[in-house]
Structures are given as C-alpha cells and as structure tokens.
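Chain A is the first sequence line, chain B the second, and so forth, proteins listed ahead of strands; every chain is numbered from 1. A quick note: this is a predicted structure, and the numbers were derived from the prediction, not measured.
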Amino acid sequence: MTAANSSSPLDLLRTMTLIREAELRLAQLFADGEVPGFIHLSVGQEGVAAGVCAALSSTDTLASNHRGHGHALAKGLDLERFFLEIMGKAEGMCQGRGGSMHVADAAVGMLGANGIVGAGLPIAVGSALAHQVRKSGAIATVFFGDGALAEGVMHESFNLASIWRLPVLFVCENNGWSEFSPTSKQLAADPCALALSHRIAARSVDGNDVLAVHEMALVLVDEIREGGGPRFLECRTTRVRGHFEGDPQKYREAADAARSEDDPIGRLERRLTADGVPAPDIEAATREAKRRVDAAVRRARSGTAPAFDAALRDVYAPSEAAP
Amino acid sequence: MSEVRFGQAINRALADAMAADENIVIFGEDVAAPGGPFGVTRGLLDRFGAERVRDTPISEAAIVGAAVGAAMSGLKPIVEIMFMDFVTLSMDALVNQAAKARFMFGGQYALPMVVRLPHGGGINAGPQHSQCLEAWLTHVPGLKVACPATVSDAYALTRAAIADPDPVILVENKSLYAVKGALPEPLPSVAIGTADIARPGRDATIVTYGAMRGMALAAADMLAKDGVETEVIDLRSLQPWDESAVLASLARTHRLVIAHEAVEAFGVGAEIAARMADVGFDELDGPIVRVGAPFMPVPFAKELEARYRPDAARIVEGVRRTLA
C-alpha cells in the first residue's frame, strides 16, 4: 500500500498502524532470534513518517536513517519484501545484503535507510540536484534525527541546498535522544535556528500529531515544488523504545518513554472518534495492519537463504552492462 | 594525431562525454568559473552552462555525498576533490555510501559517478597537498580506481570512467598535467583493468603507474646502457588491476620490481607482490622488490622532497637488487 498523494486521516491512521504492527512484530522476531543483527524501532514516531510521506508523490525521492522502517513503509515499500529483507532472505528487496538499516526500493524512490548518522543529508541534496537538473518536478526528502544535527555534513548539506535552491525537504525527527545521551546535553543550537542560519525556512510541529505534521508537510512540499528552494521541518516526537532493541536504557527514566497520551496513533484515534468516525472503521486499521503483517511474516519465513556467490558477483555491475 | 597536454586530454574527454550525454554534470571547488585549480575543467562552463557545470562551496563531504544521491537519481556526476589529500573529508560518502550502494541495496541502484583526485608531489606543496593515497581506495570493494600516465590514456581512461556504471576514482598526478603528448585520431579507448606494456624487455619487469611510468622508462634506458633489458608495465588501472598482464610479463623476465610514488609500506605494490609471490611463485628467480616513498609524511623543503620521491636511480637500484 502507498500513502503517497493521499491524506485522509483514516489513510494516515492506516499507515501509522502498519508501521506500528510491523515494528512490534520485528521486535518479537528479533527477541525470538528470527531477525539477526540489530534493529532500531520508531515506535512512537510513526506520525512523522506517515504525515510527511503522505505529502510526497511516488517519484519524489527519500533518504532515511538507521531508524528507517517507518519512512520506508510510509513511502510505499512492499511489505513482504521488507520482512524478507530484514529476516535476511534472498527474496528481500536488497537480497539479504542490507537488512534493517539498509531497506531501499528504487521503484518508490526510496534511496535507502542508512547506518551512518547524517549520511542521508548530502545524498538527498544530490538527489534534489538531479531533480533540478532533469527538471523532473520531483523533490527529495531526508529524515534524520536531532543527533545528526551534530554532524559536520549537516552544515555542508544545508549550505549547498540553500545556495543552489535545491528542491529538498529536510525533516528532523527530534526525539530528544542522541543514542544514549539526551540532546539537551549534546546540541548547543536550536534545530530550526540551524536551518534559518543557512537561509532555509524552518517550521517546527508536534510530531506526535500526524494531522499537524501532514498539514505542514503539504505546505512545505508545495513551496519547494514551486521553486522556493529547500525547507526544514522539525517534528518533536518521542522515542518510546531504546536506541536499539535490547537497549536496557539505564540512562533514562521509564516515565520519559511511556507517556501514552503522546502516542500518535492513540491521539488520532481519539480525534477520529470525536469527529464521529465509527469505531469499527477506526479499529479496522489495526486489524488490517495485523493481518497484512501476519501474511508478510508467513511469506518471509518461507524465503530462501541468499547465495554467497551471487552476492560476490554483484559488488560491481555486470561487465556486459558497461556501455 | 595532435599534441596536447595531459590536462587538456582530460578536458577533451570531459567535454566529449558531456556533449554526448546531457545527464553528465560536473561539480567541485572552483571547477566552473575558474576552470579548475589546474585548468582541467576550463571552458566547460561556457560550453555546457551553469546548470551542468557548478562551483561548490569548500565542502568535500557534501560534494561526494551529493554525487552519490545524484547518481542514484539519474545523473552521471563527475566531481573533483581539489587535492587527493582532502579526500579524507569525503571518505564516508566514498567508502560507506558510493562503494556499497549497489551491493547493499541488492543491485537496485547503479552509481555511475566519477571522482577526480589530483595526487602526488614534486611541487613542494607540503604534507597535506602532495600525498598518494590511492591504496586506501583500492582496498574498498565497490570502488574502481584508475591512474593514467600518458596523454592518450588520460583521454581514454577518463571516457572509460564516465561510461562505467560503477563509481570510479580517477587519480591524476599533478606533475603530469602540463606534460605534452600525442592524442591519437581516432580517439583512443581503453578498458578499465587493462595494463599497457610501455616498453618490452626480457631481463626484469618493472610494474608501475601514473607519473612513475616516466621514471621507470628512464630507469630502463639507464639499465639498457649496461645491457639489461627491462619490461615496463603501466597498470593504468589499480582496481581492478591487470594481474594476467603482470603474470605474463613475470613469466618472460622472472624478476619483478614494483615502483610507485606512494608510501611503499602497505601500498598498491604490496598487493601485487603478494599476488605474484603466490600465483607467480614458480616464475620468480629473484626477490620481488618494491620501490616507493619512505614511511614518512611528504616533506616540504626542496632537498627533503627530492630525496623523498622515488626516482629513476632508485628504480635502477631496485632492478639491480633483484638481478643480483
């Protein structure tokens, strides 16, 4: 399913519940040893991915970070191939070579999750350059955390995007944590001020209010498409779980993570109820997400192990592809 | 056939490629209006316009990072890092992004991008503007590395790098930019990964690349006066490198010297020596000798740098050692 070009509150709810159910299932699969390596979940941050990606079209490109499951699914990644990849199967979208931190799908403009903090920023800037030079009408978007604002390449990327007026939307998911350390002790600057100092118009929204995120993203995407140059959107949100699954979070008060009134899904559900949306329509979102996740996991379990020789042959493009 | 400078041959290759493919763009520090710090991109802005030929801020991480994103989104970017020494600031984009994108995304993305890196000393530019760091890049699966030595190869390898679907690093020795040579007509083409026999010989093989090709040929002339005929193999491409050409030469001469301007320890020569000690073991009649820079930063003062850089006399010494 894709949320691109659609923005009804129920659609946003469906995207958020799909991300939530997929990630909670990944947490279980990880605990059970069915997902190798390590995974970073975006539970509590689904409103950002859903709200922003619903403002994009399928030809817009998206660079993501290590906490990228939500961005990928909201951009329209195939759910079965998503699980196949993260479970390390040959049929995964990256043939089992990337895993959780590298989910990507060229078909929907998803340039990849990324294991290096801040690395997606210049990649999105370059993608926006391609859109500008090719006059494709598309824009590039990049999701990064508040932690990435401490990387030097942030400045280089903001500066280049600004002087070339590139069509790129910088989305900072400010969850207050730079891995195991509070951002209040890590970052001297206000996120929006960093963008503004590069002459990039910046807005800040409650990232746990998906409708507010979506509304603002629509405005900014329009401004970018009209040639206004880059825009910056700070989404203040909550990292409910640890930096990675299994993180004991001894550095953090339990109350900080567990404020259920902040949950973007619960908030939208209450809003829809207040607006008179029938309860069965609201409940159907989670039920349908669970059903789809169940089916995808069943399919992923039947995936095959990747062949080593095929991987070894694919470090470079096949020589016959060379012009 | 025309006589042009090495840098002009690269310029011609860039222009010919850009004229043939509008998805090719060039960006880097001072490459547009100023025409490049060494004049290699001169005239391209006027000919192809400000959309496709761009001066960037001094942002090596973003230059290469943006090349990655541009290559993933339909362009064929050619970027220049003013001195190879500054590639330290681009290493994440090169090593973690460009080199791995094709592989780790399961072949969904090709990265047709070229990174031009001027390397080498000889102009008293000091420790941070003179290094030959190509061995770092040859060590990273997913990158290709080429290093032309002649005017003809400068043209041909630049065209080959641009046409390649994978990220290619073009290492250009600064001391060669002004050197004149023949640019043949029809224009030359060379496949990345193929070596050139710069001089045939029967007594010993010198494997080299880049500016050291000239030193190796000078060494061969000196040795010839004593009746020693050395074969000079110019690798032209370091990753992939032409193992079969080196092995075939070794099978003719049975003595091997590897010469490069880069620091000898852990350099490109170490890999070649190790491979030949393995697959060429039965052909060897003497020790494999490496000639490279000493294990120290490139020094500034004329007397220091002159002694630091390997020259023809040191290559001659190396050949005599393996013949002894």
Give, as side chain, backbone, both or neither, the part of [X] having an atom under 4.5 angstrom from any heavy atom of chain B.
{"X": "A:Ala311", "value": "both"}
{"X": "A:Met154", "value": "neither"}
{"X": "A:Asn114", "value": "side chain"}
{"X": "A:Ala113", "value": "backbone"}
{"X": "A:Asp314", "value": "both"}
{"X": "A:Ala104", "value": "both"}

- Message: Going by side-chain contact (heavy atoms from CB on, under 4.5 Å), B:Arg54 matches just one of A:Leu160, A:Leu129, A:Ile163. Which one?
- Response: A:Leu129
- Sort out for me which residue in A:Val133, A:Leu111, A:Ile123 forms a side-chain contact (heavy atoms from CB on, under 4.5 Å) with B:Ser73. A:Leu111
For [X] versus [Y], what's the shortest heavy-atom pair and its separation?
{"X": "B:Met104", "Y": "A:Cys94", "answer": "O-CB, 3.1 Å"}
{"X": "A:Arg134", "Y": "B:Asn23", "answer": "NH1-OD1, 2.9 Å"}
{"X": "B:Ala61", "Y": "A:Pro122", "answer": "O-CB, 4.4 Å"}
{"X": "B:Arg102", "Y": "A:Val315", "answer": "CD-O, 4.0 Å"}
{"X": "A:Val153", "Y": "B:Ala62", "answer": "CG2-N, 4.3 Å"}

Per-residue contact mode, [X] against chain A (heavy atom under 4.5 angstrom):
{"X": "B:Lys144", "answer": "both"}
{"X": "B:Gln97", "answer": "side chain"}
{"X": "B:Tyr109", "answer": "side chain"}
{"X": "B:Leu143", "answer": "backbone"}

Kindly check if the number of other-residue, nucleotide or ligand heavy atoms within 6.0 Å of [atom1] ([X]) is above 12?
{"X": "B:Leu187", "atom1": "CG", "result": "yes"}
{"X": "A:Arg165", "atom1": "CZ", "result": "no"}
{"X": "B:Phe86", "atom1": "CZ", "result": "yes"}

- Which one, B:Gly74, B:Pro57, B:Pro112, leads in non-hydrogen pairs under 4.5 Å with chain A? B:Gly74
- Output for pair (B:Ile63 CD1, A:Glu156 CD), nearest 0.5 Å, gives 7.5 Å
- If you measure from CZ on B:Phe105 to CE on A:Met110, what distance do you get to the nearest 0.5 Å? 7.5 Å
- Message: Quick check against the 3.5 Å criterion: does A:Tyr316 have a side-chain atom that pairs as donor or acceptor with the backbone of B:Asp166?
- Response: no
- Query: Do you know which of A:Gln95, A:Met93, A:His102 has the most heavy-atom pairs with chain B at a distance under 4.5 angstrom?
  - Reply: A:His102
- Item | Aromatic plane relationship, B:Phe27 with A:Trp164 - under 30° parallel, 30 to 60° tilted, over 60° perpendicular | perpendicular
- Taking C-beta and beyond as the side chain, do B:Glu51 and A:Lys135 meet within less than 4.5 Å on heavy atoms? yes
